[in-house]
There are 2 protein chains.
Amino acid sequence: MPTTLKELAARAKVHPSTVSRVVNQDPSLRIGPTTRARIEALLRETEYRPNGVARGLKLRQTLVLAVVIPDITNPFFGALFRGIEDGAAPRGYQVLLCNTDGSPDRQRAHLHSLIARRVDGVILASSFLKDQAVRWLRHQRIPYALVNRFSDEGLDPFVGSDDVIGARLATQHLISSGHVRIGHLAGQSTVSTGVLRRRGFQMAMVESRLRAEPELQAEAGFVEDGGMRATERLMALQEPPTAVFAVTDMVAVGAYGVARRLGLRVPEDLAIVGYNDIPLAGRLIPGLTTVHVPIHEFGSAAARLVLEQIDSGQVTPKRVVYAPQLVIRGSTASGAEVLNAVNVASRGIGE
Amino acid sequence: MPTTLKELAARAKVHPSTVSRVVNQDPSLRIGPTTRARIEALLRETEYRPNGVARGLKLRQTLVLAVVIPDITNPFFGALFRGIEDGAAPRGYQVLLCNTDGSPDRQRAHLHSLIARRVDGVILASSFLKDQAVRWLRHQRIPYALVNRFSDEGLDPFVGSDDVIGARLATQHLISSGHVRIGHLAGQSTVSTGVLRRRGFQMAMVESRLRAEPELQAEAGFVEDGGMRATERLMALQEPPTAVFAVTDMVAVGAYGVARRLGLRVPEDLAIVGYNDIPLAGRLIPGLTTVHVPIHEFGSAAARLVLEQIDSGQVTPKRVVYAPQLVIRGSTASGAEVLNAVNVASRGIGE
DNA sequence: TACGATAGGGCAATCGTTTGTTCACGACAA
DNA sequence: TTGTCGTGAACAAACGATTGCCCTATCGTA
């Protein structure tokens, strides 16, 4: 029942196209001052809003971006979403949010709906290394970007950080703190972040002539409960690690829980390093040493990347990569050490 | 460039309407078996997906629900969103997420866009007591529901819990633990939850012949930093409280932070109770005693409420109210006490 | 006076579907 | 042979906007 252009036109005794031109301030055609005034009064009176669906059909744009993530409940994705929204809003875009819970099927189902809806762009933060869905997205010629995780299946528009370097940084920090027996709470090997962070871990170990023993690398997934189970396995070893590098902060949170349950002090009995630097990391007691990445900027950069493609009409496999930075907190050092710690993080670089 | 009905029709040498009828399995008109087979083959071959925008224009439905909240970064809203999505997905709906950061202006702006987009329904979890936007929503005759917070401006479809009872429960618990000087970290008085939880607090105090002194009630807003500032003010009093009831768990988290900084032990020096029982509450050390409400169900119930209205075509000011339950953890009792604690929570009731 | 320029606004096609109605044709009964 | 009925498919009018093009006054100028 909202007002339509046609109704307004009838009331103003003009043709619908004329009303449309007033609404859109069409520069190509000038409207007489009196008609314009009459129509504008009507517009205000009726609080007319053009039907976005009809507009979308005609103009072939919906002003909607879609975000596909595993779980918005995870603080990482909350921050990411805000970044995306902030990047998209200035251009009048609103954002559709889709949770997959890590299921490729749900991801596919969501993507199908999104394509049918003709969303103007898709931001995918839940991709796998071998992800046919990504290939499919590319094939659809719809503007899209991968965030944080990327896919093997070709070169995609991507925003993220260098996971190998970040993981190496984290592990080096543990090594230089004197740890020798260091464990890794690893992510799934089906996901780029899982593979690359493990690689960074191994690289740091080898570079320091330490052995990255398989038994010290336990798959933990990316969230808390996996972190708990993996930590339990590691601490049940004959010779448990004195430090662990967790693939994400949430996994590290799981490690905190187990350490506490086992009566282990952090960092004295078990040092812990995370990845991502979600807000929660700084609130843990002791604070979690972690690899900082600019989550919010991941989001806004991804939004911009997609908007660029929308503007240019081309899918450009541009990659925006931020340098990770180590943030040292209490989970790897005693209080005094934290105060003296030099932040050895590499500088942040732009694209 | 996606395939259209017309193209398919041309290729199958039939009229577009015939293709449409095959796609939608239109029961009103039977299609000959050979034509049908021909068309179906074509549909599979081209992976045809009807243009949702055109469909939306014709059918006057977008299969989109919108959610308006203050900040998805807040765990409460993360859980709420998942509930909404879970309630909406079975019906083929996807969900647009809008953050307002508590700004009425942004809320209005978002609602305007949403109406223009012709979303099928709106779930508003960021309403104020005096909220013209709510009146406006009602006036638009668009299916909507308020969640958690409600508005004064009339009777709206609503899902939430009884804040007065919940707050009373929380405060009574502190009183029965022997506390006399109890503070309240209050929410804004522009929001129903702020007002009602304060009322519940005062009610419990008065019922126990305790004075709810104004100086012990400090406005904290609903998130962490407000909780910190309010706690600081309270603890700086001549005679600081020995316990506080925080309007939300996030505010309670702020109280934890200040307590720690001031060297106060929880619960010995300062007992703390929160509200909502977000996942974080159980992970704090000590665990946060809080008022549990079924956040996820708030979301799915709200989605159902909106879907009902969409189906019936009417705005029904039905209210779904869940009973809050007290969850006792370490922030109000020593370890032994927690083990012995009787859960005095009221029973959960359905609608 | 006649002609061209210009301003102001109407016309109609189009975007991709849906769906009530009409139409052509063959079968069948009267 | 004519009328009726059923089948299978085409027709066309929406849904609500946008926009290139055309039309008609009116004004200025030669």
Side-chain angles (χ1 to χ4, degrees), chain A residues 1-40 42-43 46-64 92 113 115-120, chain B residues 1-40 42-43 46-64 92 113 115-120 140 142:
Chain A
M1 315 61 92
T3 325
T4 73
L5 217 47
K6 210 188 300 183
E7 292 168 13
L8 289 182
R11 289 187 52 184
K13 307 216 179 297
V14 295
H15 194 269
S17 64
T18 306
V19 181
S20 170
R21 292 192 150 100
V22 170
V23 171
N24 300 333
Q25 319 212 31
D26 184 338
S28 80
L29 204 44
R30 317 173 17 163
I31 308 290
T34 81
T35 359
R36 154 159 322 197
R38 185 156 33 106
I39 293 177
E40 279 174 345
L42 214 48
L43 290 179
T46 58
E47 295 183 325
Y48 171 73
R49 305 261 152 203
N51 180 325
V53 179
R55 221 150 181 284
L57 176 59
K58 179 66 186 175
L59 301 181
R60 301 156 171 287
Q61 65 157 5
T62 51
L63 292 179
V64 171
S113 295
I115 297 292
R117 270 186 210 304
R118 302 298 193 268
V119 298
D120 290 344
Chain B
M1 317 60 93
T3 325
T4 72
L5 218 46
K6 211 187 299 184
E7 292 167 12
L8 290 181
R11 289 186 52 184
K13 308 219 181 294
V14 295
H15 194 270
S17 64
T18 307
V19 181
S20 170
R21 291 193 149 98
V22 171
V23 171
N24 300 333
Q25 319 212 29
D26 185 339
S28 80
L29 204 45
R30 316 174 17 168
I31 308 290
T34 81
T35 353
R36 154 159 322 197
R38 186 159 31 111
I39 294 176
E40 279 173 346
L42 214 47
L43 291 180
T46 59
E47 294 184 328
Y48 171 74
R49 307 259 152 206
N51 180 324
V53 179
R55 220 150 183 284
L57 176 59
K58 180 67 187 175
L59 301 182
R60 300 156 170 287
Q61 65 155 11
T62 50
L63 292 179
V64 171
S113 295
I115 297 292
R117 271 185 209 305
R118 302 297 192 268
V119 297
D120 290 343
Q140 296 290 316
I142 181 180

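Every chain is numbered from 1 and lettered A, B, ... according to where its sequence line falls, protein lines coming before strand lines.
Nucleotide C:dT18 holds its P atom 12 Å from the CG atom of A:Leu57, rounded to whole Å. Rounded to whole Å, atom P of C:dA12 lies 16 Å from atom NZ of A:Lys58. For the pair B:His15 NE2 and C:dT19 C1', the computed distance is 12 Å after rounding to whole Å. Put simply, CG on B:Leu8 is 12 Å from P on C:dT18, counting in whole angstrom units. Atom CG in B:Leu63 sits roughly 14 Å away from atom C1' in C:dT17 (whole-Å rounding).
Closest heavy-atom contact between B:Val53 and A:Gly56: CG1-C, 3.8 Å. Taking both residues in full, the closest heavy atoms of B:Leu8 and B:Leu42 are given as O-CD2, 3.6 Å, listed atom of the first, atom of the second, then distance. The two residues B:Asp120 and B:Gln61 come nearest to each other via the heavy atoms OD1-CA, 3.5 Å. Across every non-hydrogen atom of A:Ala9 and A:Val19, the tightest pair is CA-CG2, 3.8 Å.
Annotation: salt bridge (Lys or Arg N to Asp or Glu O under 4.0 Å) contacts of A:Arg55 (sequence neighbours excluded): none. When the salt bridge (Lys or Arg N to Asp or Glu O under 4.0 Å) test is applied to B:Arg118, no partner is found at least two apart in sequence or on another chain.
Residue contacts for A:Val14: at a heavy-atom cut-off of 4.0 Å it reaches the sugar-phosphate backbone alone, with no base atom in range.
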Check step by step if side-chain contact (heavy atoms from CB on, under 4.5 Å) holds for A:Val64 and A:Arg117.
-> CA-CA 9 Å; A:Val64 171; A:Arg117 270 186 210 304; over 6 Å; no
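Atom CG of B:Leu57 is separated from atom OG1 of B:Thr62 by 11.5 Å, given to the nearest 0.5 angstrom.
Think of the region where chain A sits on DNA chain D: with heavy atoms and a 4.0 Å cut, that region ends 5' and 3' at D:dC15 to D:dC21.
At a non-hydrogen distance threshold of 4.0 Å, B:Ser17, B:Ser20, B:Arg21, B:Asn24 from residues 17-28 of chain B come into contact with DNA chain C.
Within the 4.5 Å cutoff, the side chain of A:Thr35 has heavy atoms near those of the A:Arg38 side chain.
No donor-acceptor pair under 3.5 Å is formed between the side chain of B:Asn24 and the backbone N or O of B:Asp26.
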Identify each atom pair where a protein N or O and an N or O of nucleotides 5-8 of chain C are less than 3.5 Å apart, giving names and distance.
none

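Sorted by first and then second residue, the pairs that involve residues 6-19 of chain B and meet side chain to side chain donor-acceptor pair (under 3.5 Å), not counting sequence neighbours, are B:Arg11-B:Glu45, B:His15-B:Ser17.
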